[in-house]
Amino acid sequence: MSIRIGSTLVAVNFRNSTNLSRNQPRSCRFSVRSCLSDSDQRKLVFEVKKRLARDYSILPLGMNGRDDEEMILWFLKDRRFSVEEAIGKLSKAIRWRQEFKVSELSEDSVKIAAETGKAYVHDSLDTRGRPVLTVVAAKHIPGLLDRIEDEKLCVFLLEKALSKLPAGQDKILGLFDLRGYGAENADIKFLTFLFDVFYCYYPSRLDEVLFVDAPFVFKPIWQFVKPLVKRYASLVKFCSSETVRKEYFTDETLPTSFKN
């Protein structure tokens, strides 16, 4: 049997086809992703790679470039193996990385913004083995620094968090410490930028977002931003510091700021 995925016709071999009989529960949903073998996935990666070389030859090669097969596969998975959609999203992401000069970001280049303590990658993984990107919202003052400095710090820390992924893990935890947050810390543009970065350039890398001890003043801001971040809103969980301590870290791995 064949399935058309984007513009590509993919042969799919079903094992134990008797399990797909009329006796199967109607609530069972067919998933294209689960039916693609490793061989089929490699074929689609090759198809995307070939198309990028033909139509986007100006894009760079190498790690995170148009011939990076791991990156190609990740975008294919995000786009449910639609070749056309993966090419469209991936080409934009590669072009953005080039224009934003992601490969040139370093500790020194983001030093000024990092010294505010507004965001950092926690040294330890959480209890589910995820790197933790932490934002201390009360330390963010909109306009204090040039917006590009905050954006560079955001991307640098995201790259750093992804570099800490252990074997078998491919997503990170976003921890927003909202204790002490006030109206002067509100920055809707930056919050939407952050979610846009995750959606457009690092798709499906964010596993969960914790909004910790959100004060009353934050709630209307989130209600305004929520429709803008679309499906990522479903990843958000409002919780307490106590929940962070008990469910996400051990005594040894708990961030220092949550030990008080």
Side-chain angles (χ1 to χ4, degrees), residues 60 62-65 68 71 93-126 130-166 169-203 205-213 218 221 225 229 232 241 244 248-249 252-260:
M63 185 176 181
N64 295 312
D68 186 330
M71 187 179 185
I94 296 173
R95 188 179 298 112
W96 170 81
R97 293 183 68 90
Q98 188 177 34
E99 294 173 351
F100 200 85
K101 299 181 179 180
V102 176
S103 63
E104 297 179 21
L105 295 177
S106 65
E107 296 281 357
D108 285 340
S109 68
V110 300
K111 184 177 180 180
I112 295 177
E115 287 180 341
T116 65
K118 67 175 69 179
Y120 62 92
V121 175
H122 184 44
D123 292 334
S124 302
L125 305 177
D126 76 343
R130 300 172 297 189
V132 183
L133 176 56
T134 303
V135 176
V136 185
K139 294 184 178 182
H140 176 65
I141 308 297
L144 183 63
L145 298 176
D146 190 304
R147 180 170 296 278
I148 190 62
E149 297 302 321
D150 288 330
E151 293 178 356
K152 286 180 178 179
L153 177 64
C154 168
V155 175
F156 173 75
L157 293 178
L158 181 49
E159 288 281 318
K160 183 177 180 178
L162 292 174
S163 73
K164 293 169 64 70
L165 286 169
Q169 180 61 266
D170 51 28
K171 298 187 179 184
I172 69 174
L173 171 69
L175 193 162
F176 284 71
D177 184 353
L178 296 173
R179 293 173 297 177
Y181 178 93
E184 69 276 10
N185 305 120
D187 194 343
I188 293 175
K189 287 185 177 180
F190 185 74
L191 190 58
T192 52
F193 163 81
L194 179 60
F195 280 97
D196 279 346
V197 164
F198 274 109
Y199 177 78
C200 298
Y201 312 127
Y202 298 89
R205 289 297 194 183
L206 191 59
D207 195 31
E208 188 177 12
V209 177
L210 302 182
F211 283 165
V212 186
D213 289 337
F218 180 77
I221 294 173
V225 172
V229 301
Y232 275 94
S241 300
V244 171
Y248 290 88
F249 298 94
E252 292 73 25
T253 63
L254 185 66
T256 303
S257 60
F258 284 93
K259 292 182 179 179
N260 300 329

Open item on the list: Nearest 0.5 angstrom please: L153 CG to T116 OG1, how far?
Closed with: 7.0 Å
TODO: Identify which one of I221, V212, D213 satisfies the side-chain contact (heavy atoms from CB on, under 4.5 Å) criterion when paired with Y181.
DONE: I221
Open item on the list: Could you report the tightest heavy-atom contact between D150 and A113, atom names first, then the distance?
Closed with: OD1-CB, 4.4 Å
Task: Distance (rounded to the nearest 0.5 Å) between R205 CZ and I172 CD1 - done: 9.0 Å
- [ ] Only pairs at least two apart or in different chains count here, so list each salt bridge (charged side-chain N to carboxylate O under 4.0 Å, His left out) that has a residue in residues 104-115.
- [x] E107-K160
- [ ] Begin with the C-alpha distance, continue with both residues' side-chain angles, and end with the deciding distance and a verdict on side-chain contact (heavy atoms from CB on, under 4.5 Å) for V135 and D177.
- [x] CA-CA 6 Å; V135 176; D177 184 353; over 6 Å; no
- [ ] Mind listing the closest non-hydrogen atom pair of L165 and P131 along with its distance?
- [x] CD2-CD, 3.6 Å
Task: Side-chain heavy atoms of F198 within contact of L158, under 4.5 Å - done: yes
Open item on the list: Using every non-hydrogen atom in the two residues, find where M71 and N64 come nearest and quote the distance to one decimal.
Closed with: SD-CA, 3.4 Å
Task: side-chain contact (heavy atoms from CB on, under 4.5 Å) between L133 and L173, worked out - done: CA-CA 6 Å; L133 176 56; L173 171 69; over 6 Å; no
- [ ] Please examine the side chains of L191 and F176, heavy atoms only from C-beta on, and report whether any two atoms are closer than 4.5 Å.
- [x] yes
Open item on the list: Tell me whether the count of non-hydrogen atoms from other residues, nucleotides or ligands lying under 6.0 Å of CD1 in I141 goes above 12.
Closed with: yes
- [ ] Could you name each residue pair satisfying salt bridge (charged side-chain N to carboxylate O under 4.0 Å, His left out) that touches residues 130-146, not counting sequence neighbours?
- [x] D126-R130, R130-D207, R130-E208
Open item on the list: Less than 4.5 Å apart, side chain to side chain, heavy atoms only: is that true for L105 and E159?
Closed with: no
Open item on the list: With a 4.0 Å cut-off on N to O distance, would you call D187 and R147 a salt bridge?
Closed with: yes
Open item on the list: Going by side-chain contact (heavy atoms from CB on, under 4.5 Å), T134 matches just one of L157, L175, L210. Which one?
Closed with: L175
- [ ] Return each pair, listed once, that meets ring pair (Phe, Tyr, Trp, His ring centres under 6.0 Å) where at least one residue sits in residues 133-155; pairs must be two or more places apart or across chains.
- [x] H140-F190
- [ ] Please work out whether the ring planes of Y201 and W96 are parallel, tilted or perpendicular, with thresholds of 30° and 60°.
- [x] parallel
- [ ] Could you check F156 against V121 for side-chain contact (heavy atoms from CB on, under 4.5 Å), going step by step and ending with a plain yes or no?
- [x] CA-CA 10 Å; F156 173 75; V121 175; over 6 Å; no
Task: Heavy-atom closest contact (C154 atom, F193 atom, distance) - done: SG-CE2, 4.1 Å
Task: Residue pair G174 / L206: nearest heavy atoms and the distance that separates them - done: N-CD1, 4.0 Å
Task: Ring centers of F249, F258 separated by less than 6.0 Å - done: no
Open item on the list: V110 and side-chain contact (heavy atoms from CB on, under 4.5 Å): which single residue from K152, E149, E151 fits?
Closed with: K152
TODO: Find out whether V136 and S257 are in side-chain contact, i.e. whether some heavy atom of one side chain is under 4.5 Å from a heavy atom of the other.
DONE: no
Task: Shortest non-hydrogen contact from T253 toward S124 - done: CB-CB, 3.7 Å
